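Have a look at the structure below before the remarks.
All figures in this text were calculated on a predicted structure; none of them were measured in a lab.
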Amino acid sequence: MGYYGGVNERAPLIHFHCMTHRKNPIYLTTFSGRPPKEDAMMAIALNRIYTPILRQQVPEIIDFFLPMEALSYKAAVLSIDKAYPGHARRAALAFWSALPQFTYTKFVIVVDKDINIRDPRAVVWAITSKVDPARDVFILPENPFDSLDFATEKAGLGGRMGIDATTKIYPESDREWSDPLTSDPDIAAMVDRRWAEYGLGDLHLSEVDPNLFGYDVR
């Protein structure tokens, strides 16, 4: 998780009775730690492998993503085809119990199926525009955790947080939910065609500094 392990923690003891060696030996291992590291790279592939397995257990899940920045297992983003009130909470609870690997996932964010879960801007927009913390955030205390998580008060025991960032339906909310703002496709196409006429012909997103806003705008 980006920290050294505890000095006094119990760990397996290995007894070596014989050791051999070869010329130009190959030692198979990975260097783990704060992302990006080798284990984080492998987790990108595992994310794809886990998806069909997860959908067999929780068929309403359209897609799921384990961000590398969240150590590839501490936070998950799920997109669902929401069909009834409380669906997002059920999906989060089902995720935690679907595979043993998900036991240590602290944060689960559930969004609608039209949200690109691999776009952090889209996920943050869903959280900020669709979540009332008093209604849509739920905490499960005292769950089994890995001892390397120093954020927990007790070693091996900690809380989980679920965030329902889906569009609310009755009776989750008594308020009528408005449609999101979208661009008229015909107007957008016309603007693209006349870009140079507006005096912006020399401005291309490909030339914008990708770090200008803290993320790659391209």
Side-chain angles (χ1 to χ4, degrees), residues 35 43-44 46-145 149 151-152 158-185 188 213-217:
I44 296 176
L46 289 175
N47 194 91
R48 296 292 188 180
I49 295 173
Y50 284 146
T51 300
I53 300 175
L54 179 61
R55 293 190 66 184
Q56 288 181 351
Q57 301 289 330
V58 193
E60 60 264 39
I61 293 178
I62 302 300
D63 197 5
F64 99 108
F65 180 53
L66 299 170
M68 179 194 302
E69 293 77 9
L71 300 161
S72 302
Y73 77 106
K74 281 298 182 180
V77 186
L78 313 180
S79 62
I80 66 170
D81 187 4
K82 186 171 181 176
Y84 51 83
H87 200 169
R89 180 173 298 211
R90 178 188 181 280
L93 295 173
F95 169 84
W96 276 313
S97 59
L99 291 173
Q101 291 87 344
F102 301 149
T103 302
Y104 300 149
T105 302
K106 285 197 290 187
F107 306 99
V108 173
I109 303 167
V110 185
V111 299
D112 292 313
K113 64 180 180 180
D114 60 341
I115 298 296
N116 181 2
I117 60 175
R118 289 170 178 79
D119 182 355
R121 292 168 291 183
V123 174
V124 170
W125 175 79
I127 294 174
T128 52
S129 68
K130 301 186 179 187
V131 172
D132 178 354
R135 176 194 61 201
D136 302 324
V137 175
F138 61 96
I139 307 293
L140 303 179
E142 297 188 345
N143 295 271
F145 262 55
D149 193 330
T152 61
R160 296 176 183 162
M161 174 186 289
I163 302 175
D164 177 1
T166 61
T167 301
K168 303 305 177 292
I169 57 179
Y170 182 82
E172 293 174 328
S173 175
D174 292 330
R175 300 182 64 184
E176 183 179 355
W177 205 278
S178 298
D179 295 329
L181 292 170
T182 56
S183 300
D184 183 283
F213 301 107
Y215 49 79
D216 192 342
V217 298

message: Once rounded to the nearest 0.5 Å, what's the spacing between atom CZ of Arg160 and atom CD of Glu142?
response: 12.5 Å
query: Roughly how far, to the nearest 0.5 Å, is CZ of Phe65 from CG of Leu78?
result: 12.0 Å
query: Which value, rounded to the nearest 0.5 Å, describes the distance between Ile62 atom CD1 and Arg55 atom CZ?
result: 5.5 Å
- prompt: Can you pull the salt bridge (Lys or Arg N to Asp or Glu O under 4.0 Å) pairs that have at least one residue in residues 63-72, sequence neighbours excluded?
  reply: Asp63-Arg118
task: Measure across Leu71 and Pro35 and return the closest heavy-atom pair with its distance rounded to 0.1 Å.
output: CD2-CD, 3.6 Å
- request: Could you tell me which residues satisfy ring pair (Phe, Tyr, Trp, His ring centres under 6.0 Å) with Tyr170, sequence neighbours excluded, listed by chain and number?
  value: none
- line: From the list Leu140, Ile109, Ile139, side-chain contact (heavy atoms from CB on, under 4.5 Å) partner of Met161 resolves to Ile139
message: Just verifying a value: how many Å separate Asp164 CG and Asp112 CG, rounded to the nearest 0.5 Å?
response: 8.5 Å
Could you list the donor-acceptor pairs under 3.5 angstrom formed by side chains in residues 97-104, with sequence neighbours left out?
unit_1, atom_1, unit_2, atom_2, d
Ser97, OG, Leu93, O, 3.3
Ser97, OG, Ala94, O, 3.2
Thr103, OG1, Pro100, O, 2.9

message: In the structure I gave you, are the side-chain heavy atoms of Thr166 and Lys130 within less than 4.5 Å of one another anywhere?
response: no
field: Minimal non-hydrogen separation, Pro85 against Ile169, with atom names
entry: N-CD1, 3.6 Å
Just distance, no hydrogens or angles: give the donor-acceptor pairs under 3.5 Å from side chains in residues 47-54, sequence neighbours left out.
unit_1, atom_1, unit_2, atom_2, d
Asn47, OD1, Leu66, N, 2.8
Asn47, ND2, Phe64, O, 3.3
Thr51, OG1, Asn47, O, 2.9

statement: Sorted by chain and number, sequence neighbours left out, salt bridge (Lys or Arg N to Asp or Glu O under 4.0 Å) with Lys106 holds for Asp149
message: Set out, in order, the CA-CA distance, both residues' side-chain angles and the distance that settles side-chain contact (heavy atoms from CB on, under 4.5 Å) for Trp96 and Thr105, then state yes or no.
response: CA-CA 7 Å; Trp96 276 313; Thr105 302; 4.1 Å; yes
- prompt: If you measure from CZ on Arg121 to CG on Asn116, what distance do you get to the nearest 0.5 Å?
  reply: 9.5 Å
query: Which pairs pass salt bridge (Lys or Arg N to Asp or Glu O under 4.0 Å) with one or both residues in residues 170-179, sequence neighbours excluded?
result: Lys82-Glu172
- request: Assess whether side-chain contact (heavy atoms from CB on, under 4.5 Å) is satisfied between Asp136 and Lys168, documenting all intermediate values.
  value: CA-CA 10 Å; Asp136 302 324; Lys168 303 305 177 292; 2.9 Å; yes
- request: Check whether any side-chain heavy atom of Ile117 lies under 4.5 Å from a side-chain heavy atom of Ser79, and answer yes or no.
  value: yes
- line: Value for CD1 (Ile127) from CD1 (Ile115), rounded to nearest 0.5 Å, stands at 10.0 Å
